[in-house]
Amino acid sequence: ASEKSFHFICQRWEEEKYEDGIKWKFLEHKGPYFPPEYQPLPDNVKFFYDGKAVKLSLAAEEVALFFAQMLDHEYTTKEVFRNNFLKDWRKEMTLEERMLITDLNKCDFGELHAMHKQKVEARKNLSKEEKQINKEANQKILEEFGYCMLDHHRERIGNFKIEPPGLFRGRGDHPKQGMLKKRIQPEDVIINCSRNSHIPEPPTGHKWKEVRHDNTVTWLASWTENVQGSCKYVMLNANSKLKGEKDWEKYEVARKLKSCVDAIRSQYQEDLKSKQMGTRQRAVALYFIDKLALRAGNEKEEGETADTVGCCSLRVEHITLHDALDGETCVVEFDFLGKDCIRYYNKVPVSKRVFKNLKLFMENKQEGDDLFDRLNTNMLNKHLTSLMPGLTAKVFRTYNASITLQQQLKGLTSDNVAEKLLSYNRANRAVAVLCNHQRAPPKTFEQSMASLQAKIESRKEQLELAKKELKLAKKEAKGSSDSKLLTVQRCEEQLLKMEVQATDREENKQIALSTSKLNYLDPRISVAWCKNMEVPLDKVYNKTLRDKFAWAIDMTEPDFVF
DNA sequence: CACGTCACTTAGGATTCGTATC
DNA sequence: GATACGAATCCTAAGTGACGTG
């Protein structure tokens with residue numbers, strides 16, 4: 001089936017397929033939605049410098065408020081954040097203000113901070129009716145700006161709102177944290193749409209930077225963001241035909257890898273012995289990417305972002321070699337920050353050959369030197385594409401994630417839906433661990449665990465009581481024990497459900513399941529599993545996921561094999 | 001091949017929503 | 001009806017990888 005086209009398999013999505021690189025024939029939309037203008041502070045809310053009230057210019061005041069709003073956040077205590085902020089804030093000041101305000105420590109944002117908190121509070125305390133009015137207003141904005149016509153379909157746009165100005169919050173030790181992210185004007189925005197469509201109107205008194213008609217790309221609007229100088233795009237929602245089709249293709253490529261992964265593995269095992277150092281490095285990198293699901297690791301511009309790495313950009317300080325450790329030999333200890341500054345820590349026994357190679361790669365190198373000095377992601381991907389069309393480093397993550405889920409789900413049996421779901425979540429969790437999808441433990445974690453435990457205890461007591469009553473009822477009069485039996489059964493069922501839930505939650509404390517579900521696991525595996533196990537799909541996929549994976553829900557038969 | 005640009009996917013945290021419980 | 005909580009959704013940063021240029 002994998003050779004047949006997406007459209008062929010999935011009737012509902014049937015549509016003409018465009019020639020190379022053409023993404024649409026018709027595109028019409030209303031342009032992005034801009035955030036509201038800045039509202040100046042009321043006169044009674046004052047900013048103080050060095051103990052004296054200072055009336056700031058509008059531009060400086062707006063930026064001051066960005067900082068004041070974040071005062072409860074740890075960010076604002078960080079040296080880098082504060083320095084970047086002050087530097088950018090001063091750029092927004094008048095000459096006079098700039099002369100006066102030179103030291104952030106002399107700034108008192110207390111009143112601005114209090115006002116902000118008050119506003120948040122007030123919003124929370126709005127009456128039901130007022131909240132309803134707000135909701136309807138948002139609905140109207142969504143209705144007007146949140147959809148586009150792409151060919152013959154009305155499609156939901158993913159991010160139709162222009163990002164509001166604020167202070168840049170990078171992840172981890174980001175050298176640019178605290179910098180001012182400027183307000184985007186229509187004059188900064190490029191519109192992309194059909195020549196023969198109704199061209200979106202810029203807000204009154206404004207012009208677009210450019211209107212273009214490029215149907216080889218999928219974005220509807222774009223602008224350049226000032227902090228990193230990168231481009232931001234307005235694109236379609238994940239439930240759109242265009243995105244769904246791309247997603248399907250991604251999983252089909254991963255399935256193709258399944259059929260040639262054995263050959264590729266033997267090849268890189270061979271390459272470990274190559275006379276060429278570059279080939280050996282490529283082989284070891286590929287081994288890591290395959291076995292540990294590491295990301296490719298593109299080079300990054302130094303000083304522009306936090307110091308994170310992937311496979312090809314690993315440096316010697318990120319691994320430690322142990323001839324023997326915890327009863328195993330040839331152990332590689334990984335410790336580095338990956339995407340989003342999430343720590344990757346793992347101790348992995350490897351083959352002698354891999355181990356010897358790593359020792360060789362590290363010879364005569366010092367901290368800061370690349371582990372794979374003869375390799376980059378471009379070379380690696382060139383090689384992979386030559387082994388299989390469409391194969392790149394990231395395909396291994398998709399493939400290994402999906403195949404792991406499928407294997408873990410195989411042979412699971414239980415007649416209880418709660419237990420089936422626990423098994424599913426455990427399979428999902430194995431994938432999340434493989435891909436290192438972590439999360440901060442929820443703030444209320446301990447508390448919520450405790451309250452669940454308490455519920456379990458009280459239910460246990462209730463069960464005991466019910467059992468006793470049942471016994472008594474049986475003794476006294478055989479006919480009237482039915483309802484008591486029912487109570488016992490219901491109690492037992494609820495207790496089991498809660499215990500399973502507690503286990504699930506505990507195991508999930510620092511692991512994020514959503515990322516793999518959303519991006520790595522072929523949805524057809526889950527859909528088929530639900531059908532086979534008679535588990536309602538909405539126990540596994542929420543509304544958003546069901547929308548995104550509509551194509552899979554449509555086309556998947558119970559006998560689907562990844 | 002080095003390098004920069006561009007388009008698009010992947011990611012965790014923040015915010016909002018909906019509902020169970022008091 | 002208020003509150004508290006987990007789930008869902010929003011937000012936007014941070015990756016990957018293709019491609020063009022010199």
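Numbers restart at 1 for each chain; the letters A, B, ... are given by sequence-line order, proteins then strands.
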Closer than 4.0 Å, any side-chain N/O of [X] to the OP1 or OP2 of [N]?
X      : N      : answer
A:T515 : B:dG12 : yes
A:N542 : C:dA7  : no
A:R397 : C:dT16 : no
A:K232 : C:dA13 : yes
A:K23  : B:dC8  : yes
A:R295 : B:dA11 : yes
A:N381 : C:dG17 : yes
A:K246 : B:dC8  : no
A:T305 : C:dA13 : no
A:T377 : C:dT16 : no
A:Q438 : B:dG12 : no
A:K382 : C:dA18 : no
A:H174 : C:dA14 : yes
A:K176 : C:dA13 : no

Closest to the [X] side chain: [options]?
X      : options                : answer
A:M235 : C:dC19, B:dG12, B:dT9  : B:dT9
A:A440 : B:dA7, B:dG13, C:dA14  : B:dG13
A:N378 : C:dT12, B:dA7, C:dC19  : C:dC19
A:R156 : C:dT16, C:dC10, B:dA11 : C:dC10
A:A393 : C:dG17, B:dA14, C:dT12 : C:dG17
A:N298 : C:dG15, B:dA7, C:dT16  : C:dT16
A:A296 : C:dA14, B:dT10, C:dT16 : C:dT16

Legend entry - Rounded interatomic separation in angstrom, taking CZ from A:F396 and C1' from C:dT16: 15 Å
Legend entry - Centroid-centroid distance, A:H29 to A:F160, less than 6.0 Å: no
Legend entry - First encountered from the 5' end of DNA chain C, between A:K543 and A:I162: A:K543
Inset, instruction - Using the closest heavy atom to pick a nucleotide of DNA chain C for each, name whichever of A:K394 or A:D538 lands nearer the 5' end. - result: A:D538
Should [X] and [Y] count as an ion pair when the cut-off is N to O under 4.0 Å?
X      : Y      : result
A:E79  : A:R82  : no
A:R154 : A:E143 : yes
A:K258 : A:D522 : no
A:K246 : A:E249 : no
A:K241 : A:E155 : no

Inset, instruction - Assign A:T308 to base, sugar-phosphate, or nothing according to its heavy-atom contacts below 4.0 angstrom with the strands shown. - result: sugar-phosphate
Inset, instruction - Using a 4.0 Å heavy-atom cut-off across all strands, classify A:K135 as base, sugar-phosphate, or nothing. - result: sugar-phosphate
